[in-house]
Amino acid sequence: MMGNSSFAGLGNSSFASLTPAPASADEAEPWVRGELIRSLMRASRGSYLLAAALMPAMVGLSWGHVPAWQLFVWLAIGIGATACRIWGEQVYGRHYADRDSAAQQYFVERYRHLWSASAFAWGLSILIFFERTPLVNQFMSWLIVAGVATFPLNGLALHPPLLRRYVNTLFVTMLAAIVFRVIELKFERPHFHYGFLLLPGLHWWLLLRAGRRIHETARNSFELLFHNHILINSLTQQRQAAVSAVAMKNRFLASAAHDMRQPVLALSLYADWLRNEPELVAEIAPKIVRATHAVNALFDSLFDLARIDSGQVRLHIERVDVAQLLHDLELQYRPVAEAKGLSFRMHVSSGTVLTDPIRVRRMIGNLLANAIKYTAEGGVLLASRHTRDGLRVEVWDTGIGIAREHLRDVFLEFYKVADHAGTSDGFGLGLAIVARLSHALGHPVSVRSRLGRGSVFRVALHDADESQAQTRISGAVG
């Protein structure tokens, strides 16, 4: 099977049980809105049962002063509203509690009438006691209604439209009931001054005002929690990146020291051999030259990586004739391939691209060098072709190939496939340099390979933007 990989670049219960915050700051508003509704549902869980428990007390205060059938009708309305709230809470728990912010908003919009039903039932209670029971009983009844209006404030304030709907329904129903009773009494003077009726209006205004402040406080708390989450995630990612960078640098230095030790040790041995047996200079001198070249090649690669990682590379973007660039590479690498007994074939399509010619030549040159190094028989093909996405350069070989599990790792510094024939004399830096330059220039590299059959590396030559490319290569530090 063919493997495929691409390289694109290197206190209050209301606030408990939060869902995980999204990673993007753009999602802050929906998340906060959803969490406010979740907290509203948690805060209101069972609160309507306390209000329902006060209904018998209301009936008891009016018992004997109001026809029993009227009391039972009002009690039935109140129990019905409570039953609707219980049903709504079950629907929420089954279908909406664990869903996203949009679902929370949908639930409140669809079932908002459940809160209105409770408010309407309590607003109607005015009809069973106002100017129908003794003054003390009326006072106690007014206190119960005021408590029922105030008790759910902390929860309902988390969603202002629901708070306004509940409070407005309650007080409009109350005022309508008061007007009805005053008309029924033919505007007779009540047991207390009419100014007392201004108190429900004041209470109405105070509830809405307090609700706004509670909502602002809760919203600010959730926004702070959200941004703290973003900050923690950012710090965690930076810490992980720093740990990974340290681990990579340690591995980098260890591998560099290991790979440098071999040719340096060879130079030392050859020098001692030559000192003891100078007559063997014709045999030993070429070996010294090869060892010196190996050390120089390693230093060149290390310096290239160091310059790229430090952002010190200055790119020069210009219009490049790709066919000419590939023919220049042919002149450099054909003799190397033929000296190894390999064929070197070309298949070039004409075309130009905006890029840095020196860095592109280095990228493709490294791919050619790898192809020749890891091919024992057969040959190498250097090709360019036009695709729907633009011009693409390909380097084919009939070499040892790369297993699927190693395809992405071959772009890491000093990575060598264990027990892989032909890798012992390499430093594992060529493809790492290709990866860095690919990211900087915006020329994505992909690889397909079949173990034992060969590989193909493809470079998509998109026109590079000089400022963006320079920014990317300057940001490579760390």
Side-chain angles (χ1 to χ4, degrees), residues 12-17 19 30 32-59 71-128 144-177 200 203-204 207-208 210-212 214-215 218-219:
N12 185 318
S13 63
S14 298
F15 300 99
S17 307
T19 57
V32 169
R33 192 165 53 243
E35 289 307 311
L36 287 170
I37 295 174
R38 291 182 204 276
S39 297
L40 157 65
M41 295 305 298
R42 287 192 291 266
S44 64
R45 186 178 299 145
S47 62
Y48 48 83
L49 296 178
L50 176 60
L54 294 173
M55 289 181 179
M58 289 288 289
V59 171
L71 296 176
F72 285 125
V73 167
W74 177 80
L75 188 60
I77 293 173
I79 292 174
T82 301
C84 288
R85 291 287 299 278
I86 294 173
W87 171 78
E89 187 173 289
Q90 291 175 346
V91 169
Y92 177 80
R94 286 197 302 267
H95 303 295
Y96 296 92
D98 298 324
R99 294 177 60 188
D100 59 12
S101 298
Q104 306 297 314
Q105 187 78 20
Y106 175 78
F107 171 81
V108 171
E109 292 298 323
R110 181 175 181 181
Y111 295 99
R112 61 188 184 277
H113 60 273
L114 299 179
W115 283 267
S116 299
S118 295
F120 178 74
W122 278 103
L124 285 180
S125 67
I126 303 300
L127 294 175
I128 67 171
I144 292 174
V145 173
V148 168
T150 306
F151 183 72
L153 177 64
N154 282 334
L156 293 176
L158 299 177
H159 190 66
L162 198 59
L163 173 67
R164 289 192 294 270
R165 188 178 186 87
Y166 178 84
V167 172
N168 291 344
T169 301
L170 175 63
F171 283 93
V172 168
T173 306
M174 285 173 55
L175 292 178
H203 191 199
W204 187 353
L207 286 177
L208 292 176
R212 284 195 298 271
I214 292 172
H215 174 75
R219 185 178 186 82

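Hydrogens, waters and symmetry mates are skipped; everything else that's a heavy atom, side chains included, is used. Just so it is clear, the model here is predicted, and its values are computed rather than measured.
- Atom CZ of Arg212 sits about 11.0 Å away from atom CG of Leu207, to the nearest 0.5 Å.
- For the pair Ala149 and Tyr166, the tightest heavy-atom approach, listed with the atom from each and the gap, is O-CE2, 4.3 Å.
- Leu49 meets the side-chain contact (heavy atoms from CB on, under 4.5 Å) test with Thr82, Ile86; sequence neighbours excluded.
- Under the 3.5 Å distance criterion, with hydrogens and angles disregarded, no donor-acceptor pair is assigned to the side chains of Gln105 and Tyr96.
- Nearest heavy-atom pair across Pro30 and Ser101 is O-OG, 2.7 Å.
- Atom CZ of Phe120 and atom OG1 of Thr169 lie 9.5 Å apart (nearest 0.5 Å).
- Every residue meeting the ring-ring contact (aromatic ring centres under 6.0 Å, His included) condition with Phe72, not counting sequence neighbours, appears here in chain and number order: Trp63.
- In terms of the ring-ring contact (aromatic ring centres under 6.0 Å, His included) criterion, residue partners of Trp122 (sequence neighbours excluded) are, by chain and number, Trp74.
- Ring centroids of His95 and Phe107 are separated by 6.0 Å or more, keeping the two rings apart.
- Listed by first and then second residue, the salt bridge (charged side-chain N to carboxylate O under 4.0 Å, His left out) pairs involving residues 108-124 are Glu109-Arg112 (not counting sequence neighbours).
- If you take OG on Ser125 and CG on Leu170, they are separated by 8.0 Å, rounding to the nearest 0.5 Å.
- For the atom pair Leu127 CG and Leu71 CG, the distance stands at 11.5 Å (nearest 0.5 Å).
- When all heavy atoms are compared, the tightest approach of Ala210 to Leu153 is CB-CD2, 3.9 Å.
- Under the 4.5 Å side-chain criterion, counting only non-hydrogen atoms from C-beta, Ile126 is not in contact with Leu175.
- Residues passing the side-chain hydrogen bond (donor to acceptor under 3.5 Å, both in side chains) test with Ser44: none are found, sequence neighbours excluded.
- Shown here are the salt bridge (Lys or Arg N to Asp or Glu O under 4.0 Å) partners of Arg164, two or more places apart in sequence or in another chain: there are none.
- Residues forming a salt bridge (Lys or Arg N to Asp or Glu O under 4.0 Å) with Arg85 (at least two apart in sequence, or on another chain): none.
- For Val172, the side-chain contact (heavy atoms from CB on, under 4.5 Å) test picks out Trp204, with sequence neighbours left out.
- Between Leu162 atom CG and Ile37 atom CD1 the span is 9.0 Å, to the nearest 0.5 Å.
- Atoms NE2 and CG, on His203 and Leu208 in that order, are 10.0 Å from each other to the nearest 0.5 Å.
- Heavy-atom minimum distance, Pro200 versus Met174: CB-CE, 4.1 Å.
- For His215, the side-chain contact (heavy atoms from CB on, under 4.5 Å) partners at least two apart in sequence or on another chain are Leu36, Pro160, Arg219.
- Looking at every heavy atom in both residues, Arg38 comes nearest to Ala97 through NH1-O, 2.5 Å.
- Checked against side-chain contact (heavy atoms from CB on, under 4.5 Å), Ile77 has the following partners two or more places apart in sequence or in another chain: Val73, Ala121, Leu124.
- Shortest non-hydrogen contact noted between Ala43 and Gly155 is CB-CA, 4.0 Å.
- Under the side-chain hydrogen bond (donor to acceptor under 3.5 Å, both in side chains) criterion, Tyr111 pairs with no residue at all, not counting sequence neighbours.
- With contacts defined as side-chain heavy-atom distances shorter than 4.5 Å, the pair Leu114/Glu89 does not qualify.
- By the 4.5 Å heavy-atom criterion applied to side chains, Val91 and Arg94 are counted as neighbours.
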